[in-house]
Every structure is written in structure tokens, then in C-alpha cells.
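All remarks here apply to the structure that follows.
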Amino acid sequence: MVRAGGAAVASGTDIPTAANVALALQARAENVLLVRQALRGLADAAALAELELNDLTTAVTEACNNVVSHAYEGDPGPLEVELRLEPSEIEVLVRDHGHGIGRARSTDRAAPEGGLGVHVIRALARCVHFRETAGGGTEVAMRFAISVDPALRPKGSFDAVAPGTIALPAAGETARLAVGPPALARSVLRRVIAAAAMRARFTTERIAAAQRLSDALVAQLSDAPPGGRLGAAIGVRSRELELIVGPLRQGSAHGPLTSLLDEVADSHELRRTPSGEILAMHLRESAASRR
Amino acid sequence: MGALQQLQVDVRCTPDRVIVALEGELDMASAPLLQSTLEDRALASLPLLVLDLGQLQFIDSTGLRVVLAVRKLCAQRGQQLAVTRGSAQVERLLSVTGVAEHLRVIDSAEQPLA
């Protein structure tokens, strides 16, 4: 029986933002790697140069580190990241909903940690803006120059939706993400799922199986509005992974995905929504523990 | 067969040096592992400590601070420190922060020193 956890990830009100990739994670040090994985997935699809990706992952890591270290003063809280691919730039937003007061900011010299991280961001990004969000949190906007061969840029359209509407992770969920268009969704989701499976201590074979499942799910993305954008929630526990993915084409779980689900997932549960099917899957780390 | 951890730290000794080889990603989550490895007093027993970054794919400022802390620790206990070159990302961060200027860089972990 699948514990599907939290609210549906891919219902109409949860699908977020005009970003190509929107991530919401628990603001914990080990989750920053998942952000880097999403960046690497984006780099795969857009064929970014290695040096461009390096600067991107470094600067974004520093911004995420600042949230983990300072935003919530030891309490849990969300880390939000948005990536927008433009013809010759990528914009990255890193946001928290923390207290603001008393935490290290760009001008706070008393906090050497924040100082060094911000120095690195300013050295690597073309431009950087800090702003306070409503409610006292902080948003860092960074832009990086990239050269993307237009022929390689992910094709496909998706609706621009008002920003900032991604649902925050529920307790027990490690991450939520939304990715579009489908070409990006494929390479981003498989990277993030592989890292999540690795953290859940999956065997190499099971990590590969999880990636195959990821690819198959993306291939079944619904065309209905807000089509072209995949929503996913990932929960990592020791030796277990929960995945909730949608919206998928109606009938895909009982059709094209059936045999792969039987092979890879220990259990799955289907929810039908107006924009497509949402599949909740439970994977264990070793095939030997199944059946 | 298990999956790789985020950071692997391997310690080995030769007659004149302790080599601490890193593989994977050194960031806020994995820095404590390196820090505690480096604080082990057994690592102070030889004249030279080498941080082998050859297989290090990623480092952030947290990782950098651990490197700087070990530099200070080595100086305090009269031990030499050298680092090997890392990936392009590692070299870039060392350069952009100016830390590279404060480190002795060698081409390989076992390279004889003058």
C-alpha cells in the first residue's frame, strides 16, 4: 500500500511558475546536491559548456548554503530554486521564507561565511540581486551568460503561469519539482531521481531501474493544459523511495507503463485528475526484497 | 554492491607523507566528514600531508574552509601541506577566492618534493 503523502503534486493549483525548473526542498545541507543535479540535468538538455555549468553549480550552491545556514536558525523551512533558460542567459532564483532579521545578508561583514559565499556568487554570476520577499524572506536572483545552440535548446511549449505558486514540501517529502518542457523534464528528473535513489542507499542496479522509470514517466506526460510540464514529489527514506509524478496521459499507467511498474515499483497508486493521471510509486532499494 | 557516498575520503601513508584522497563532492553536507578525518592525530605523524583532489568533482566555500583549516593545523604542528590539482570546478573556485595562492600545488600525490 502506498502512502501517497502530502497534497497532490500535479493538480491544477499546484503546478507552478514560468520557470523551466522549479524546486522546493527542505533547507538541509544534503539537499543542495539535488539542486546541483537539477542544474546538471538542465545542462545535459541544453548542452551547456562544462565551464558554464561549473560556475552555475558553484554560485547556486553558495546561495543555497546561505539559506540552509541562516534562513531558519535551525528550524525546518523550505528552500526554493527556480531556473529560467533564456537564449543567452540563465536566470536562477534562490528563495527562502526566513526571518530576515539577524541573518547574514550581502552586506553583513560580521558573518564571514555569508561574506565568502556572496563573494563567490558575485565573482561568477553576470549579475546578482538580493531582495526581501513579502513575509521577510530573501530572494537572490543570479544571471549567468551561457551559449546554447538554438538547435539544441529544448523545444516544446508550455503555458507561462504566475510565478511563485509551487507547493512547498510536505513533512516527509524531500523535494518537489516542476519541469518543462518535456526534453528538460527527462534529463532533470532522471538526475534528481538518481541522486535521491543514491541517498536512499539503492544498489547501482536499482538506481538504473529508477532512471528507466523516470524516462518512461516523462514519455507519458499529458498534453492537456498545463501540459508539457511535469510535476514530481520525491520522498527519500533509508532504502525506500517514494515518487509522485504527473500529469500523465490518461490510461498510461494501465497501458504503456504497466510492465515497467511491475518490474521496478513495489506498489503504485493512481489518481485521476482533469489534467491527467497522477502516479504515486513506492520503490525499495533492492530487487531481492520484492515479491 | 552499494552506491557511492557523496564524498569518499581515503587515507594512506607512504614513508614521507600522509595522502588524503577525496572523491565526489565536498560541500556543506560532506565537509564534516573531511574535517573529522583531518583532525585525527594519526595524520600528524609524517612530515607532509597531501590532499589529493584529483578525483574531487565539486567543492564549495564550506569545503574550502576545511582546506584552509587544515592548512592552519599543519602550520601549527610543523607539518607541510600540499594539494594536487582537482577538476576544473575545483581549480576555478580556488582561483576565484584567491585560496590557490596560499596552497602548495603538486602534480601528483606521490611526487617527490624538492
Side-chain angles (χ1 to χ4, degrees), chain A residues 27-37 39-40 49-70 79 112-125 194-208 210 239 241 285-286, chain B residues 1-9 22-38 51 53-73 83-103 105:
Chain A
R28 298 158 61 103
E30 66 265 23
N31 286 341
V32 180
L33 171 63
L34 298 178
V35 178
R36 288 199 290 278
Q37 288 298 95
L39 285 166
R40 289 164 183 148
E50 183 195 349
L51 299 185
E52 290 168 344
L53 175 61
N54 287 348
D55 283 2
L56 202 51
T57 54
T58 306
V60 173
T61 291
E62 297 297 341
C64 293
N65 284 353
N66 282 344
V67 172
V68 171
S69 295
H70 303 299
L79 164 64
E113 291 85 9
L116 179 56
V118 171
H119 166 80
V120 169
I121 293 169
R122 290 199 189 280
L124 300 180
M198 197 177 293
R199 175 149 354 131
R201 317 230 295 267
F202 276 34
T203 61
T204 310
E205 179 204 47
R206 290 290 283 159
I207 293 172
R239 309 191 195 284
L241 204 58
E285 61 95 23
S286 133
Chain B
M1 159 166 47
L4 291 174
Q5 298 303 310
Q6 185 174 330
L7 177 73
Q8 285 183 295
V9 182
L22 305 185
E23 184 176 341
E25 306 197 19
L26 175 57
D27 67 355
M28 185 183 286
S30 58
L33 170 63
L34 178 59
Q35 181 76 39
S36 62
T37 302
L38 292 169
L51 275 181
L53 306 182
Q55 299 299 309
L56 188 63
Q57 297 306 313
F58 179 87
I59 188 171
D60 69 0
S61 61
T62 330
L64 216 56
R65 274 196 294 282
V66 175
V67 173
L68 289 171
V70 76
R71 178 173 167 265
K72 190 170 171 183
L73 186 61
V83 305
T84 64
R85 273 171 244 282
S87 68
Q89 188 273 343
V90 171
E91 293 304 299
R92 172 81 159 142
L93 187 69
L94 289 175
S95 157
V96 144
T97 55
V99 170
E101 293 160 36
H102 300 284
L103 295 174
V105 180

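Lettering of chains follows the sequences in order, A, B, ..., and the numbering in each one begins at 1.
- Atoms OG1 and CZ, from A:Thr61 and B:Phe58 in turn, are 3.5 Å apart once rounded to the nearest 0.5 Å.
- One finds the CD1 atom of A:Ile121 at 8.5 Å from the OG atom of B:Ser61 (value rounded to the nearest 0.5 Å).
- A distance of 6.5 Å separates OG1 in B:Thr97 from CG in A:Leu116, rounded to the nearest 0.5 Å.
- For A:Arg36, the part lying near chain B is the side chain, with the backbone staying farther off; criterion is any non-hydrogen pair under 4.5 Å.
- Note that CG of B:Asp27 is 9.5 Å distant from CD of A:Glu30, once rounded to the nearest 0.5 Å.
- The backbone N or O of A:Leu33 sits nowhere less than 3.5 Å from a side-chain atom of B:Glu25 that would complete a donor-acceptor pair.
- A:Arg28 CZ: 12 or fewer foreign heavy atoms inside a 6.0 Å radius.
- For a residue to count as touching a neighbouring chain, one of its non-hydrogen atoms must lie under 4.5 Å from one of that chain's; by this rule A:Asp55 touches chain B with the side chain only.
- Looking at A:Leu53, neither its backbone nor its side chain comes within 4.5 Å of chain B, counting heavy atoms on both sides.
- A search for side-chain contact (heavy atoms from CB on, under 4.5 Å) contacts involving B:Val96 returns A:Ala123, A:Leu124, B:Arg92, not counting sequence neighbours.
- In this structure, the separation between SG on A:Cys64 and CE on B:Met28 is 9.5 Å, given to the nearest 0.5 Å.
- One side chain, B:Gln89 or A:Thr58, offers a donor N or O that lies under 3.5 Å from an acceptor on the other.
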